[in-house]
Amino acid sequence: MSVARDIMTASAECIGAEDSVLEAARKLTDLGVGALPICGTDDKLKGVLTDRDITVKVLGKGRDPQQTKAGELAQGEAVTIGADDSADEIFATMARHKVRRLPVIDGHRLVGMVALADVARALPDPQVGDLLEALSTD
């Protein structure tokens, strides 16, 4: 069975909690990704910022992306997965929290990101359908 470190995208880059949402949008664009982990000045994970967060919580609310800090969009404790957790555990965590991307942690260090597509490639076909269904329903 595959584990997170086998299927993740390594070398995930963070956006600083004090960086602007505009900087985050530029970084998302430059990296060609839809989400960035938010890291605090203490190097601890504060959350995950998505392109949808920027659209809905900043632009859609008329907030200034240059003045809004990425850390303002972090919601509670970040949902993560351990580097040695199985694809089944990743599946369960994504379904339970209704998320499509998870930061991968080794100890307290961010080592990568695992996305829905990564898990879909690692799971047997019937489980992929279950995962997609779990994430697509409210």
Side-chain angles (χ1 to χ4, degrees):
M1 173 70 61
S2 298
V3 297
R5 76 172 71 247
D6 297 332
I7 62 174
M8 71 182 188
T9 300
S11 69
E13 291 192 33
C14 283
I15 189 71
E18 296 300 313
D19 292 338
S20 74
V21 169
L22 181 60
E23 290 173 66
R26 288 180 178 145
K27 195 168 203 173
L28 286 167
T29 301
D30 291 345
L31 296 172
V33 297
L36 287 171
I38 302 169
C39 296
T41 54
D42 57 359
D43 268 347
K44 291 195 176 172
L45 187 66
K46 303 297 182 192
V48 175
L49 175 71
T50 67
D51 48 7
R52 188 176 196 294
D53 291 333
I54 294 170
T55 301
V56 173
K57 297 176 184 175
V58 179
L59 300 177
K61 302 253 187 217
R63 296 172 71 183
D64 182 350
Q66 197 162 6
Q67 298 302 315
T68 305
K69 304 290 183 206
E72 293 174 38
L73 302 182
Q75 298 178 341
E77 190 173 327
V79 177
T80 63
I81 198 77
D84 294 316
D85 289 343
S86 69
D88 285 335
E89 181 60 28
I90 299 167
F91 163 79
T93 302
M94 285 182 162
R96 184 171 46 257
H97 294 280
K98 295 198 179 289
V99 296
R100 297 171 186 269
R101 300 171 189 96
L102 288 170
V104 180
I105 304 296
D106 191 358
H108 293 286
R109 193 172 57 91
L110 176 71
V111 294
M113 290 285 285
V114 64
L116 177 60
D118 302 322
V119 180
R121 285 190 292 271
L123 290 172
D125 288 341
Q127 281 185 294
V128 172
D130 292 344
L131 177 60
L132 293 174
E133 182 178 346
L135 292 177
S136 299
T137 58
D138 288 327

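Note that these values count all heavy atoms, side chains included, but never hydrogens, waters or copies made by symmetry.
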Task: Hydrophobic cluster identity match, Val99 and Leu110, side-chain contacts under 4.5 Å - done: no
TODO: Would you mind reporting whether Glu13 and Lys27 have side-chain heavy atoms less than 4.5 Å apart?
DONE: yes
- [ ] List in chain and number order the residues that pass side chain to side chain contact (heavy atoms under 4.5 Å, CB included) with Thr80, two or more places apart in sequence or in another chain; answer none if no residue qualifies.
- [x] Leu45, Ala78, Pro103, Ile105
- [ ] May I ask you to list the residues sharing a hydrophobic cluster with Leu22, side-chain cutoff 4.5 Å, ordered by chain and number?
- [x] none
Task: Residue pair Arg101 / Leu116, side-chain heavy-atom distance below 4.5 Å - done: no
Open item on the list: In the structure I gave you, are the side-chain heavy atoms of Met94 and Leu102 within less than 4.5 Å of one another anywhere?
Closed with: yes
Task: side chain to side chain contact (heavy atoms under 4.5 Å, CB included) partners for Asp64, two or more places apart - done: Gln66, Gln67
TODO: State, to 0.1 Å, how close Gly16 and Ala70 come at their nearest heavy-atom pair, and which atoms those are.
DONE: O-CB, 3.6 Å
Task: Cluster link Val21 to Leu31, ILVMFWY, side chain under 4.5 Å - done: yes
Open item on the list: Working note: Ile38 + Val48, criterion side chain to side chain contact (heavy atoms under 4.5 Å, CB included); need CA distance, chi angles, decisive distance, verdict.
Closed with: CA-CA 5 Å; Ile38 302 169; Val48 175; 5.9 Å; no
Task: Shortest non-hydrogen contact from Ala24 toward Leu36 - done: O-CD1, 3.8 Å
Task: Test side chain to side chain contact (heavy atoms under 4.5 Å, CB included) applied to Ala83 - qualifying residues, sequence neighbours left out - done: Arg5, Val104, Asp106, Val111
Open item on the list: Please determine whether side chain to side chain contact (heavy atoms under 4.5 Å, CB included) holds for the pair Ile7 and Ile90, giving the CA-CA distance in whole Å, both sets of side-chain angles, and the decisive distance to 0.1 Å.
Closed with: CA-CA 11 Å; Ile7 62 174; Ile90 299 167; 3.8 Å; yes
Task: Electrostatic pair Glu72:Lys57 at N-O distance under 4.0 angstrom - done: no
TODO: Report the C-alpha distance between Asp85 and Val3 in whole Å, list the side-chain angles of each, state the deciding distance to 0.1 Å, and finish with yes or no for side chain to side chain contact (heavy atoms under 4.5 Å, CB included).
DONE: CA-CA 5 Å; Asp85 289 343; Val3 297; over 6 Å; no
Task: Test item: Ile54 and Leu49 side chains (from C-beta on) under 4.5 Å apart, heavy atoms - done: yes
TODO: Could you note down all residue pairs passing disulfide (SG to SG under 2.5 Å) where residues 7-60 supplies at least one of them, sequence neighbours left out?
DONE: Cys14-Cys39
Open item on the list: Assigning hydrophobic clusters by single linkage (Ile, Leu, Val, Met, Phe, Trp, Tyr; side-chain heavy-atom cutoff under 4.5 Å), is Met8 placed with Met113?
Closed with: no
Open item on the list: For Thr9, give me all partners under side chain to side chain contact (heavy atoms under 4.5 Å, CB included), at least two apart in sequence or on another chain.
Closed with: Asp118
Open item on the list: Using side-chain heavy atoms (C-beta onward) and a distance below 4.5 Å, is Arg26 in contact with Thr29?
Closed with: no
Task: Distance-minimising heavy-atom pair for Pro65 and Ser20 - done: O-CB, 3.6 Å
Task: Shortest non-hydrogen contact from Leu28 toward Ala35 - done: CD2-N, 3.4 Å
TODO: Please report the closest heavy-atom contact between Lys46 and Ala74, naming both atoms and the distance.
DONE: O-CB, 3.3 Å
TODO: Give the minimum heavy-atom separation between Ile15 and Glu23, together with the two atoms involved.
DONE: CD1-C, 4.1 Å
